[in-house]
Amino acid sequence: MNVADNLKKIKSEIPEEVSLVAISKTKPENDILEAYNTGHRIFGENKIQEMTTKWENLPKDIEWHMVGHVQRNKVKYMAEYVTLIHAVDSLKLLREIDKQAEKFGRNIDCLLQIKIAEEDSKFGINVAEAKGILESEAYSKMAHVKVVGLMGMATLTDNTDKIKEEFSFLKSTFEEFRSRYNSFTTLSMGMSGDYKIAIECGSSMIRVGSSIFGERNYNK
Ligand SMILES: *Cc1c(COP(=O)(O)O)cnc(C)c1O
């Protein structure tokens, strides 16, 4: 199967209200164009430099999502064009995004990454830290950045009950936050291996890479 077929198949299988971010990291621009030519417009990357090169070279109506961990000193390279930053994990980072967005006269939407997996290596903050950010005076003064929801990554495991438990926890946190903070619209959870479970658990945005573009080869 090719990229266009993979993408069409996944889209036909997911509910219409769930948005699909095609994760094109490490993949060539031609693969992105193949997906683009089916009408798809939302793509995600995890490295700011790679995303920026692709943004420069590819059609300008693509919506670029940054799904990876963000270093503050690199926010300036994507502030001009990025549509959604999925993995915000500190007030300091939010402040930098606000500052860079202002320079371009833009408002940038962000998600807070909540740590739901048990692995130590996964980034993210806990629920109390997320509330701390959302209720801080500093955040209330930021005019160019808006937190519109939450993002999370489940433990990499074959144990579907465990994955369900983690996604359900994130969903209930999201619902609680949505009733407190009226900017909340988006719950980003689910990747190639677990997006069906994520949708069952109430995801509104899935991030799918290898099931669309094929396995990634990091050794090239
Ligand atoms: C790479 C990546 C994905 C997509 O992973 P696949 O398993 O290839 O679907 C989703 N989310 C994040 C944050 C990623 O870095």
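Note: hydrogens, waters and symmetry copies are ignored here, and every other heavy atom, side chains too, is used. One-based numbering, in listed order, for ligands and for the atoms of each.
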Heavy-atom side-chain proximity of C110 to V148 below 4.5 angstrom = no
Residues which pass side-chain hydrogen bond (donor to acceptor under 3.5 Å, both in side chains) with S24, listed by chain and number, not counting sequence neighbours = E45
Residues passing the ring pair (Phe, Tyr, Trp, His ring centres under 6.0 Å) test with Y77, sequence neighbours excluded, are none
To the nearest 0.5 angstrom, please state how far the OG1 atom of T155 sits from the CZ atom of F167.
-> 9.5 Å
Side-chain donor-acceptor contacts of residues 137-147 below 3.5 Å, not counting sequence neighbours, with atom names and distances?
{"from": "E137", "atom 1": "OE2", "to": "K141", "atom 2": "NZ", "distance (Å)": "2.8"}
{"from": "Y139", "atom 1": "OH", "to": "V147", "atom 2": "N", "distance (Å)": "2.9"}
{"from": "S140", "atom 1": "OG", "to": "E137", "atom 2": "O", "distance (Å)": "2.7"}
{"from": "H144", "atom 1": "ND1", "to": "R106", "atom 2": "O", "distance (Å)": "3.1"}

Could you list each nitrogen or oxygen of ligand 1 that sits under 3.5 Å from a protein nitrogen or oxygen, with the atom names and the distance?
{"from": "ligand 1", "atom 1": "8 (O)", "to": "S210", "atom 2": "N", "distance (Å)": "2.8"}
{"from": "ligand 1", "atom 1": "8 (O)", "to": "S210", "atom 2": "OG", "distance (Å)": "2.9"}
{"from": "ligand 1", "atom 1": "8 (O)", "to": "R216", "atom 2": "NH1", "distance (Å)": "2.7"}
{"from": "ligand 1", "atom 1": "8 (O)", "to": "R216", "atom 2": "NH2", "distance (Å)": "3.1"}
{"from": "ligand 1", "atom 1": "9 (O)", "to": "S192", "atom 2": "N", "distance (Å)": "2.9"}
{"from": "ligand 1", "atom 1": "9 (O)", "to": "S192", "atom 2": "OG", "distance (Å)": "2.5"}
{"from": "ligand 1", "atom 1": "9 (O)", "to": "G209", "atom 2": "N", "distance (Å)": "2.8"}
{"from": "ligand 1", "atom 1": "11 (N)", "to": "R207", "atom 2": "NE", "distance (Å)": "2.8"}
{"from": "ligand 1", "atom 1": "15 (O)", "to": "K25", "atom 2": "NZ", "distance (Å)": "2.7"}

Does some side-chain heavy atom of V88 sit less than 4.5 Å from a side-chain heavy atom of I133?
-> no
